[in-house]
**Student:** 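Can you keep this structure in mind? I'll have questions shortly.
Letters A, B, ... mirror the listed sequences (proteins, then strands); counts begin at 1.
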Protein chains: 2
Amino acid sequence: MLRRANAIAIFHAIRLQPGISQREIGDRTGIDKSTVSAVINQFDALGLLERVADESRKGRGRPSEGVRINGAAGLMLGIDIEPERLVVMSAGLDGVPLDVSEYPALPSESEFAGGVSAAVAAHLARGGSTLAEVRSIGVCLPGLVDRSGKLISSSNFRWGAVDVAGELRARFGQKVWVDNDARGAGLAERLFGCCLDVQDFVFIDSHSGVGGALYLEGAIYAGSLGIAGEIGHTKIVPHGRICQCGDGGCLSAYISGPALRDAFRGAGLVANSFAEMKALAEQNIPEAMGVLDEAGEILGLALSNFINLLNPPNIVIGGGLAVLAPYLMPPAERVLRRHALPEGLAHCTILISELSKEPHARGPLAVALQGLSQLNADGAFPW
Amino acid sequence: MLRRANAIAIFHAIRLQPGISQREIGDRTGIDKSTVSAVINQFDALGLLERVADESRKGRGRPSEGVRINGAAGLMLGIDIEPERLVVMSAGLDGVPLDVSEYPALPSESEFAGGVSAAVAAHLARGGSTLAEVRSIGVCLPGLVDRSGKLISSSNFRWGAVDVAGELRARFGQKVWVDNDARGAGLAERLFGCCLDVQDFVFIDSHSGVGGALYLEGAIYAGSLGIAGEIGHTKIVPHGRICQCGDGGCLSAYISGPALRDAFRGAGLVANSFAEMKALAEQNIPEAMGVLDEAGEILGLALSNFINLLNPPNIVIGGGLAVLAPYLMPPAERVLRRHALPEGLAHCTILISELSKEPHARGPLAVALQGLSQLNADGAFPW
């Protein structure tokens with residue numbers, strides 16, 4: 001456990017400061033010298049590192065050796081299984097994206113492994129790469145994903161249980177890592193986004209459903225089965241609107257993409273994406289503003305509960321909620337001032353995700369990178 | 001941080017198995033030999049331990065030395081500042097209660113330190129003890145208590161901000177530790193109650209308000225300011241009943257002691273304590289059953305949100321909710337089956353606190369014991 005956490009911390013210290021010396025890695029991470037050295041030797045044996053002269057010490061006494069991620073030593077793939085499409089993204093081992101391609105949505109859980117394999121083959125062929133070059137594959141999908149990478153259920157897909165990690169590992173080997181999409185997106189904020197220097201945050205986003213991730217004291221809090229963070233299915237309005245999950249009053253029934261599309265439709269407007277909703281609001285169409293104002297109040301209620309229950313130092317707003325933030329946050333803040341404990345609110349920074357405004361999610365690559373960096377033989381996530 | 005957590009783990013291993021050997025402490029806690037030895041030497045220097053022959057190894061080869069808490073080496077005091085009364089409890093250093101006495105409620109925040117001092121003096125005089133014998137004082141009160149032991153506010157007391165730890169340390173020295181009452185009660189479950197072997201649980205209780213504590217992966221999760229766990233002020237019913245805090249729809253407005261008393265009164269019944277409410281229900285009075293059925297449904301909604309957001313392996317029901325559990329839990333379970341994610345519910349054990357049925361809270365003594373065992377010079381809690 002500790003070894004995994006150390007490996008991850010050391011990997012990201014190197015990734016974020018190419019050429020860093022072992023001594024500085026120790027200073028930055030607080031990990032002792034011998035552990036830093038042992039972990040670096042393991043990364044080195046796996047071919048993940050290059051040893052370079054420490055640039056920062058040039059000309060000052062004995063030259064020190066630094067290390068950096070060997071970005072060219074292989075590929076990572078991020079696979080985003082969405083209800084409407086399948087996205088494959090490739091990146092170097094440093095996490096820098098190289099290429100992205102889209103494929104039709106997977107028709108059912110029974111055909112998913114074949115569909116993913118075909119998409120991966122097409123994506124690699126298009127870049128002239130081979131599967132042998134791929135060192136890590138991260139997969140994200142909406143739904144309840146347990147610690148072993150099994151999908152328990154997904155109200156977004158209406159799929160049943162399927163062993164996503166097991167079936168993909170049978171095709172691609174142990175290098176496959178699977179997580180819930182919101183948890184992947186939260187991890188992406190930590191690795192690439194607005195939380196590079198933030199250890200403690202609560203993440204909430206909206207796509208086909210509303211998801212969340214709890215990043216507490218430096219690590220994902222995943223709960224007993226590994227499904228913690230399902231804020232979309234906390235009950236905001238007792239006996240309220242029916243949710244995709246079949247229950248009533250869930251947050252997701254008010255501010256998921258489909259819920260907002262239905263609310264726009266109810267107001268006589270057509271908006272099939274968060275961008276289209278934003279465009280209608282930008283035209284100052286009163287009905288659009290009204291729908292988003294109401295949605296923002298519901299979001300504010302959910303954030304109030306986050307603040308009162310968890311007293312988080314930071315909340316990150318992601319997915320479609322980030323796209324619509326200019327219209328959702330003013331009403332949400334009104335509600336927060338009314339319902340959040342004032343001291344908790346005063347000590348909570350609300351961040352709007354920039355990554356979420358990119359056309360493709362970085363979560364799957366974050367999951368691939370985390371899998372690659374944990375030096376973990378048993379294939380489980382380091383929760 | 002790590003040193004504190006190690007010290008606490010070692011102290012409790014000794015407390016729970018008097019006479020344990022250093023080797024066995026290492027096996028049980030996973031802490032390395034040299035740290036175990038160093039921490040034990042520190043405890044020893046403070047006079048907290050006795051060295052004894054390890055009983056378990058009697059007659060088998062070379063006798064090994066064990067250690068146990070020197071229960072007689074001093075006293076701990078637990079002070080429970082409730083809106084209706086002030087309770088002082090004394091215990092040996094092993095946490096075993098010796099004596100308890102009750103005093104009138106403190107009239108206001110400006111007089112609290114004097115009132116506490118007078119009560120402590122009376123309690124000690126009655127037992128023929130002196131302040132010099134007291135090694136640790138734990139104080140609990142309802143309200144927002146930050147990491148430094150300051151009361152930020154309390155809707156139960158209608159007190160303003162007061163530096164509880166600071167004022168009491170000015171009178172009693174650094175041995176004073178202050179926490180929120182529900183967090184103290186949660187800690188008591190871990191140290192003395194149903195969670196001796198449980199690392200991960202969510203605690204909820206009801207007294208003058210509804211409180212909670214998040215015990216995640218072996219430690220209290222306290223949040224940014226130290227006020228995490230305020231489940232009583234999560235919003236269960238938008239625009240619902242007015243709460244003591246001034247806001248509407250809080251869980252506390254439905255299932256706190258005063259809220260339930262008002263609901264009984266609304267049904268034409270007088271019940272001024274949880275025990276009296278239980279007695280009315282035991283008489284099968286339909287109005288009493290109706291009030292508790294409705295309260296149980298609200299509790300079920302709150303527990304559903306806990307399960308969906310945090311996927312906790314265990315939930316502990318405490319305070320008045322434990323007293324009323326036979327009447328609250330059947331409706332709560334009905335709601336859980338409807339609103340909790342089935343997988344999260346199936347993997348969550350709901351425990352009813354036995355400690356909560358005792359006439360006096362053990363939380364303050366738990367806080368005193370935790371303070372005593374952490375070998376912490378700066379006086380902050382080991383969060």
**Student:** Testing B:N311, B:L216, B:L310 one by one against A:L214 for a side chain to side chain contact (heavy atoms under 4.5 Å, CB included), which residue passes?
**Tutor:**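 So the option named by the test is B:L310.
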**Student:** For A:L301, is it the side chain, the backbone, both or neither that has a heavy atom under 4.5 Å from a heavy atom of chain B?
**Tutor:**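 Just its side chain gets close to chain B.
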**Student:** Between A:N305 and B:K235, is there a donor-acceptor pair closer than 3.5 Å when you use the side chain of the first and the backbone of the second?
**Tutor:**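 Looks like yes, one N/O pair under 3.5 Å.
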**Student:** Would you indicate whether B:E333, at its atom CD, is surrounded by more than 12 heavy atoms from other residues, nucleotides or ligands within a distance under 6.0 Å?
**Tutor:**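 Yes, CD of B:E333 has more than 12 neighbouring heavy atoms, counting only those of other groups under 6.0 Å.
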**Student:** Looking at B:N314, B:L144, B:N308, which has the largest count of heavy-atom pairs under 4.5 Å with chain A?
**Tutor:**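 Option with the greatest count: B:N308.
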**Student:** If you take all heavy atoms of A:P238 and B:I236, which pair is closest and at what distance?
**Tutor:**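 Nearest heavy atoms, A:P238 then B:I236: CG-O, 3.2 Å.
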**Student:** Is the number of heavy atoms from other residues, nucleotides or ligands within 6.0 Å of CD (B:E297) greater than 12?
**Tutor:**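 Above 12, so yes.
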**Student:** Taking only heavy atoms into account, what residues of residues 240-249 of chain B are found under 4.5 Å from chain A?
**Tutor:**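 Interface residues of residues 240-249 of chain B: B:D247, B:G248.
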**Student:** If I compare all heavy atoms of A:L225 with all of B:E343, which pair ends up nearest, and what's the gap?
**Tutor:**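 Looking at all heavy atoms of both residues, the closest pair is CD1-O, 3.5 Å.
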**Student:** Minimum heavy-atom separation for B:R338 and A:H239, please, with both atom names.
**Tutor:**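 Closest approach of B:R338 to A:H239: NH2-CE1, 4.0 Å.
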**Student:** Quick one: does B:I152's side chain get under 4.5 Å of A:L341's, heavy atoms only?
**Tutor:**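 No, too far: nothing below the 4.5 Å cut-off.
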**Student:** Looking at every non-hydrogen atom in both residues, tell me the closest pair between B:S224 and A:P312 and how far apart they are.
**Tutor:**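 Distance-wise, the nearest heavy atoms are CB-C, 4.1 Å.
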**Student:** Who wins among B:V237, B:I227, B:I307 for the most heavy-atom pairs under 4.5 Å with chain A?
**Tutor:**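 Top option by heavy-atom pairs under 4.5 Å: B:I227.
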